[in-house]
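In what follows, every heavy atom counts, from backbone to side chain, and hydrogens, waters and symmetry copies are set aside.
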Amino acid sequence: MAARSEVPGVPRVDSIEELMELLLACRGAWDTPDRSGDPVDLHDHGLQTAALLRRSHPFDKELQVAGLVHDLGHLLFPGDDAGHADHAAEAIRPLLGERVARLVRLHVPAKRYLAAVEPGRALSPQSALTLRAQGGLMDEAEVRAFAADPDAEAAVTLRQADDAGKVVGLDAGVMEDWRPVLELVAARAYERTP
């Protein structure tokens with residue numbers, strides 16, 4: 001499988017084949033080991049999130065790919081709600097580049113941000129539960145710092161698609177259809193590597 005990343009224990013995904021294996025392994029894997037969490041498996045959730053982002057931001061391939069891979073940390077480290085975004089970001093960074101990794105990492109702070117600035121915003125029961133483990137609502141200083149981040153808008157867009165991509169039985173395509181997009185994003189990331 002994948003080599004180790006710079007963070008101990010986190011696998012490093014170095015090829016599209018390794019990434020496709022991980023994404024396909026998400027079929028039948030859930031955000032909680034006991035399946036008490038969201039109503040769709042990680043495979044369908046990733047496909048739905050990416051499809052929503054493809055529809056709303058058709059030219060932002062990195063954002064779409066971030067939606068596809070954002071919850072891989074749940075597969076890599078089952079039960080680690082607080083660290084799943086960081087683990088996924090670290091694993092895919094070598095292959096998909098800094099921006100995709102950053103968006104994946106920011107999807108949890110984006111939830112905390114949205115919960116703070118939109119207090120009546122509905123969260124799935126599982127997202128409401130994990131919000132506490134992930135730091136709870138942002139305070140005013142955290143809100144200002146997050147809003148000033150150049151990737152904040154994209155991270156919020158990813159978070160909104162993440163929240164919406166949990167529909168049981170929704171056909172969002174097949175994983176293999178994403179291979180060319182993954183290859184494109186990986187090639188661009190490689191070109192930017194010093």
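Nearest heavy atoms, H57 versus Q64: O-NE2, 2.9 Å. Considering every non-hydrogen atom in both T157 and S56, the closest pair reads CG2-OG, 4.5 Å. Closest non-hydrogen pair, H74 versus W30, comes out as CB-O, 4.3 Å. Scanning both residues, A155 and F146, for their nearest heavy atoms gives CB-CZ, 4.1 Å. The shortest heavy-atom contact between F77 and P11 is CE1-CD, 4.3 Å. Nearest heavy atom pair, residue L131 against residue A115, reads CD2-CB, 3.9 Å.
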Review item, side-chain donor-acceptor pairs of residues 96-107, under 3.5 Å, at least two apart:
{"residue": "E98", "atom": "OE1", "partner": "R93", "partner atom": "NH1", "Å": "2.7"}
{"residue": "E98", "atom": "OE2", "partner": "R93", "partner atom": "NH1", "Å": "3.0"}
{"residue": "R99", "atom": "NH1", "partner": "D60", "partner atom": "OD1", "Å": "2.8"}
{"residue": "R99", "atom": "NH1", "partner": "D60", "partner atom": "OD2", "Å": "3.4"}
{"residue": "R99", "atom": "NH1", "partner": "E62", "partner atom": "OE1", "Å": "3.2"}
{"residue": "R99", "atom": "NH2", "partner": "D60", "partner atom": "OD2", "Å": "3.0"}
{"residue": "R102", "atom": "NE", "partner": "D151", "partner atom": "OD2", "Å": "2.9"}
{"residue": "R102", "atom": "NH2", "partner": "D149", "partner atom": "OD1", "Å": "2.7"}
{"residue": "R102", "atom": "NH2", "partner": "D149", "partner atom": "OD2", "Å": "2.2"}
{"residue": "R105", "atom": "NH1", "partner": "D86", "partner atom": "OD1", "Å": "2.8"}
{"residue": "H107", "atom": "ND1", "partner": "V104", "partner atom": "O", "Å": "2.6"}
{"residue": "H107", "atom": "NE2", "partner": "D71", "partner atom": "OD1", "Å": "3.3"}
{"residue": "H107", "atom": "NE2", "partner": "H84", "partner atom": "NE2", "Å": "3.1"}

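Residues H45 and D38 have side chains that never bring a donor and an acceptor to within less than 3.5 angstrom of each other.
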Checklist entry - For V69 and L22, what are the C-alpha separation, side-chain angles and deciding distance, and is it a side-chain contact (heavy atoms from CB on, under 4.5 Å)? => result CA-CA 9 Å; V69 304; L22 283 173; over 6 Å; no
Item to check | Intermediate values then yes/no, side-chain contact (heavy atoms from CB on, under 4.5 Å), L24 and R27 | outcome: CA-CA 6 Å; L24 291 171; R27 183 169 293 289; over 6 Å; no
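Cluster membership for M175 and I92, using ILVMFWY side-chain heavy atoms within less than 4.5 angstrom, is shared. V181 and Y190 are members of different hydrophobic clusters when ILVMFWY side chains are connected at heavy-atom separations under 4.5 Å. Clustering ILVMFWY residues whenever any of their side-chain heavy atoms sit less than 4.5 angstrom apart, transitively, puts L114 in a cluster other than the one holding V108. Linking Ile, Leu, Val, Met, Phe, Trp and Tyr residues whenever their side-chain heavy atoms come within less than 4.5 Å leaves L137 and Y113 in two separate clusters. Grouping the Ile, Leu, Val, Met, Phe, Trp and Tyr side chains by contacts below 4.5 angstrom, directly or via other members, places V185 apart from L63.
Looking only at side-chain heavy atoms (C-beta outward), L182 and L23 come within less than 4.5 Å of each other. Taking 4.5 Å as the limit, some side-chain heavy atom of L19 sits within range of a side-chain heavy atom of L72. Within the 4.5 Å cutoff, the side chain of K166 has no heavy atoms near those of the Q126 side chain.
Ion pairing between a basic and an acidic side chain is recognised when a charged N comes within 4.0 Å of a carboxylate O; D163 and R121 show such pairing.
Considering CZ of R144 and CE of M138, their distance stands at 12.0 Å, rounded to 0.5 Å. Summarising the geometry, atom CG belonging to L158 is positioned 7.5 Å from atom OG1 belonging to T49; distances are rounded to the nearest 0.5 Å. Residue D31 holds its CG atom at 7.0 Å from CG of D81, rounded to the nearest 0.5 Å.
For the pair Q48 (side chain) and A172 (backbone), a donor-acceptor distance under 3.5 Å is absent. Without hydrogens or angle criteria, K111 side chain to S127 main chain gives a donor-acceptor distance under 3.5 Å. Put simply, the side chain of E183 never gets that close to the backbone of I16: no donor and acceptor are under 3.5 Å apart.
Looking at residues two or more places apart in sequence or on another chain, you find a side chain to side chain donor-acceptor pair (under 3.5 Å) between E142 and R112. Residues satisfying the side chain to side chain donor-acceptor pair (under 3.5 Å) test with E17, not counting sequence neighbours, are R179. With sequence neighbours excluded, no residue forms a side chain to side chain donor-acceptor pair (under 3.5 Å) with D171.
Counting non-hydrogen atoms of other residues, nucleotides and ligands closer than 6.0 Å to CD of E118 gives a total above 12.
Applying the 4.5 Å side-chain rule to ILVMFWY residues, one finds that L52 remains a lone member of its cluster. Grouped with V168 in one hydrophobic cluster are V40, the linkage being side-chain heavy-atom contacts under 4.5 Å among Ile, Leu, Val, Met, Phe, Trp and Tyr residues.
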